[in-house]
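We name chains A, B, ... by the order of the sequence lines, and we start the count at 1 in each one.
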2 protein chains.
Amino acid sequence: MTKKTTIYDIARKLDITAATVSRALNNNPKISDATRELVIQTAKAMNYEQNKVAKALKSGKSYNVGVIVPRIDSNFFASVITGIEEELYPNGYHVIICQTHDQENLEIRNINSLLNAQVDGILMSISNAKLEQNESFKSLLRKRVPLIFFDRQKDIPGVSSVTIDDFKGAYAATKHLIDQGCKRIAHLSNDRLLEIFKNRYLGYKQAIIDSGLEFDENLVIEISSRVAEGRKATKTLLEMGNRPDAIFSTSDFTALGAIQEIKEHGLKIPDDICVAGFANEPFTKFMELSITTVDQSPIEMGRLTAKVFLEEVSNPSRIMSQKKVILSPELLIRKSSLKHSS
Amino acid sequence: MTKKTTIYDIARKLDITAATVSRALNNNPKISDATRELVIQTAKAMNYEQNKVAKALKSGKSYNVGVIVPRIDSNFFASVITGIEEELYPNGYHVIICQTHDQENLEIRNINSLLNAQVDGILMSISNAKLEQNESFKSLLRKRVPLIFFDRQKDIPGVSSVTIDDFKGAYAATKHLIDQGCKRIAHLSNDRLLEIFKNRYLGYKQAIIDSGLEFDENLVIEISSRVAEGRKATKTLLEMGNRPDAIFSTSDFTALGAIQEIKEHGLKIPDDICVAGFANEPFTKFMELSITTVDQSPIEMGRLTAKVFLEEVSNPSRIMSQKKVILSPELLIRKSSLKHSS
DNA sequence: TAGATTTGTGTAATCGATTGCACTTTTGTG
DNA sequence: CACAAAAGTGCAATCGATTACACAAATCTA
């Protein structure tokens, strides 16, 4: 790498001080127009680029923001990240993405690693419900580094969050299944210590109760968001004496697993069993048997998360203000749950 | 954020110099064991954490590496990134990911932005064939910032790359289609100014020629890697007087589009038309009609790319050494091309 | 025109960690 | 015991940019 020009190089060439150069480049009003113009011209001519690291040291800000997600290989998280970037880039921030692959230890390691890199804030979709008790996490809170949850959150004092109304989304999906004539609706859930899954579960449950159907706790299975897990759980459900006639899943991936398993068992979708997922992953639309799902407007979610972060850093008082932004979900009805008769 | 402890705080407490503290923490052999032990203990007690920004300024290294990809929302790129991280994290590097969304201007902006953030290197999958002529890109080369291409590359002197043998992969896929009895094989290509697509095209062409079939340039269509584009191109192909009996696509996404369009036209896959894609995206396996594709071992590709980078930065001579790592692809034959009869 | 303002720059400290050089103790050698 | 070599620390500069404070020159006021 060739050496970069610094403000000292410019100062030397113009026979002025680095301080003056710095001020000129920062549009400090105390600098005369003539000098400012001269400095700017020279800087351009010399290919000057501000050294962000030096600025970071002086200002105590790195202009890097950490984003922690379970994985980037899902349209949902990828889109949230896109939204975050759209909002943060124009403000001079860079985004460092970390994946937890749903592993606790990786989540901790990523937090430490980001703090170590002096990030100005951390935006995360939490994957470990017990994170709260972890020492590294506690120290993160103590340091008052801006922390914002999106999608998967835990209710922690002083930590803002951006989510969708999971209860509403789940309620709408379940209601739709009921409207299709389904009576025994199973639910593929996930760790309900996390608000997101708890609320989806509650929305599902409420819709059943409101419709006067019997609520059966045995039809709720807690698994992680992977196709194979969806298959396994569905196998269990199908082998029950009184098998369900619909499956509402917290994840499109597990819904896909469910569909595969149901077909394997020789059952028809949606005639024998209706299926609905959550997240509107692109494949749900592409499948020959398109999958009913709930859209979470991920790009919007990302933008809003970034906005909340920007507010927090620019707020010098840093008062414990916990902001909760809640987006509205949209039910997308597709073939996997739309009976021909109706 | 609470103030962090620095080596000066430790020095003050122990009534020694910051220099000594620094040396003790860095295992400098000139420090006595007693002092070293004392410093380390005190540092731990005071929750000391090295300020990476200060170190970055002093050393001229940011320990940040930029990764530029068309999009992270594809299993292939997400996996490559995972591989890169696996290799880089243990070496103290952080990864800043940028998406180009296949837009030229974004690619340029990302490069500038990464350089501005003082990254120690850039690993990229190029999406714009004309990038070479761009001023920002030229300046990147001039600065001798380590640059490594993966997957989508251009042959530029001094720039190493990690790719798969695209020719071989395309040859194998095409050969397989021919073995299935297909005679008129269309090819959904992409910008052939990029090596990757050029080589896939050449592999496809060679397989046809080697088999004694007629090669028809009209069956080759250049599009970008999106489902909708695949549909559109396939529509054109199907409306030809002498329609193809197979489609080999450089992308799983366009292959998916092709499949959708073919079905819409009431044709059967694989009986009427065989389809094969490229990249082994997970959905190719999940579809009811699983898609034949070519695996590119993305994680391995990521790891190797990172390794080449690590070699380049650790090589102080920085001699123009252009390394070309080429991985072997694997053809995965699935339902979309496997005729029942065979 | 003397004195008060305003304007424009320079001086030097600062952010936190690293490191060549100098200097003081120890320890070793003959 | 004298002198050389080794060991252990401190001093101070450095990385590049920012900024409070000082100060000189230019402009204004009465």
Side-chain angles (χ1 to χ4, degrees), chain A residues 1-40 42-43 46-64 92 115-120 143 316, chain B residues 1-40 42-43 46-64 92 115-120 143 316:
Chain A
M1 305 205 214
T2 52
K3 212 135 34 350
K4 301 198 184 73
T5 49
T6 71
I7 52 173
Y8 294 94
D9 299 327
I10 299 176
R12 209 172 304 123
K13 169 159 265 176
L14 296 179
D15 203 24
I16 53 179
T17 329
T20 306
V21 175
S22 172
R23 286 192 269 252
L25 293 173
N26 286 297
N27 272 317
N28 185 312
K30 306 208 113 188
I31 295 295
S32 69
D33 290 347
T35 312
R36 187 197 328 284
E37 208 43 49
L38 187 61
V39 168
I40 291 177
T42 316
M46 296 176 78
N47 283 314
Y48 169 75
E49 283 171 25
Q50 188 191 48
N51 183 323
K52 293 277 171 138
V53 173
K55 178 165 182 181
L57 177 59
K58 187 72 176 86
S59 67
K61 297 187 55 172
S62 68
Y63 280 95
N64 277 149
L115 287 178
N116 211 250
Q118 321 281 131
V119 293
D120 293 343
K143 283 180 188 151
Chain B
M1 306 204 214
T2 52
K3 211 136 32 354
K4 301 199 186 69
T5 49
T6 72
I7 53 173
Y8 293 93
D9 299 326
I10 299 175
R12 210 171 303 123
K13 170 158 266 177
L14 296 179
D15 203 24
I16 54 178
T17 327
T20 305
V21 175
S22 172
R23 291 190 182 102
L25 294 173
N26 286 296
N27 273 317
N28 185 312
K30 305 207 114 189
I31 295 296
S32 69
D33 292 346
T35 313
R36 187 199 326 285
E37 206 44 46
L38 186 62
V39 169
I40 291 177
T42 317
M46 297 176 76
N47 284 315
Y48 169 75
E49 282 171 25
Q50 188 192 47
N51 184 323
K52 295 276 172 137
V53 173
K55 180 168 181 179
L57 176 58
K58 186 69 174 99
S59 68
K61 296 188 56 172
S62 68
Y63 280 96
N64 276 150
L115 287 177
N116 211 249
Q118 320 280 132
V119 293
D120 294 343
K143 283 180 187 150

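- Judged by distance alone, the side chain of A:N64 and the main-chain N or O of A:V119 form no donor-acceptor pair under 3.5 Å.
- Put simply, OG1 on A:T6 and CZ on A:R12 are 6.5 Å apart, with the number rounded to the nearest 0.5 Å.
- Reading DNA chain D from its 5' end, the first and the last nucleotide to sit under 4.0 Å from a heavy atom of chain B are D:dG8 to D:dG16.
- Between the CG atom of B:L38 and the CD1 atom of B:I16 there is a distance of 7.0 Å, given to the nearest 0.5 Å.
- Contact between the side-chain N/O atoms of B:S22 and the OP1/OP2 oxygens of C:dT18 is found at a separation under 4.0 Å.
- The nearest whole Å value for the distance from the CG atom in B:N51 to the C1' atom in C:dT18 is 13 Å.
- Rounded to the nearest 0.5 Å, atoms CD1 (B:I31) and OG1 (B:T20) are 5.0 Å apart.
- Interatomic distance, A:L115 CG to B:K4 NZ, rounded to the nearest 0.5 Å: 8.0 Å.
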Between N or O atoms, less than 3.5 Å apart, protein on one side and nucleotides 8-11 of chain C on the other: list the pairs.
unit_1, atom_1, unit_2, atom_2, d
C:dT9, OP1, A:S32, OG, 3.2
C:dT9, OP1, A:T35, OG1, 2.4
C:dT9, OP2, A:S32, N, 3.3
C:dT9, OP2, A:S32, OG, 3.4
C:dT9, OP2, A:T35, OG1, 3.2
C:dG10, OP2, A:T17, N, 3.1
C:dG10, OP2, A:T17, OG1, 2.7
C:dG10, OP2, A:T20, OG1, 2.5
C:dG10, O5', A:T17, OG1, 2.8
C:dG10, N7, A:R23, NH2, 2.9
C:dG10, O6, A:R23, NH1, 3.4
C:dG10, O6, A:R23, NH2, 3.0

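- Residue order along DNA chain D, read from the 5' end via each residue's closest nucleotide, puts B:L57 first among B:L57 and A:N26.
- The number of heavy-atom neighbours closer than 6.0 Å to NZ of B:K13, taken from other residues, nucleotides and ligands shown, is 12 or below.
- Judged by distance alone, with hydrogens and angles left aside, the side-chain atoms of B:S59 form a donor-acceptor pair with the main-chain N or O of B:K61 at under 3.5 Å.
- For the pair B:I7 and A:K58, both in contact range of DNA chain C, the more 5′-proximal nearest nucleotide belongs to A:K58.
- Checking side-chain atoms of A:R36 against main-chain N and O of A:P29 turns up no donor-acceptor pair under 3.5 Å.
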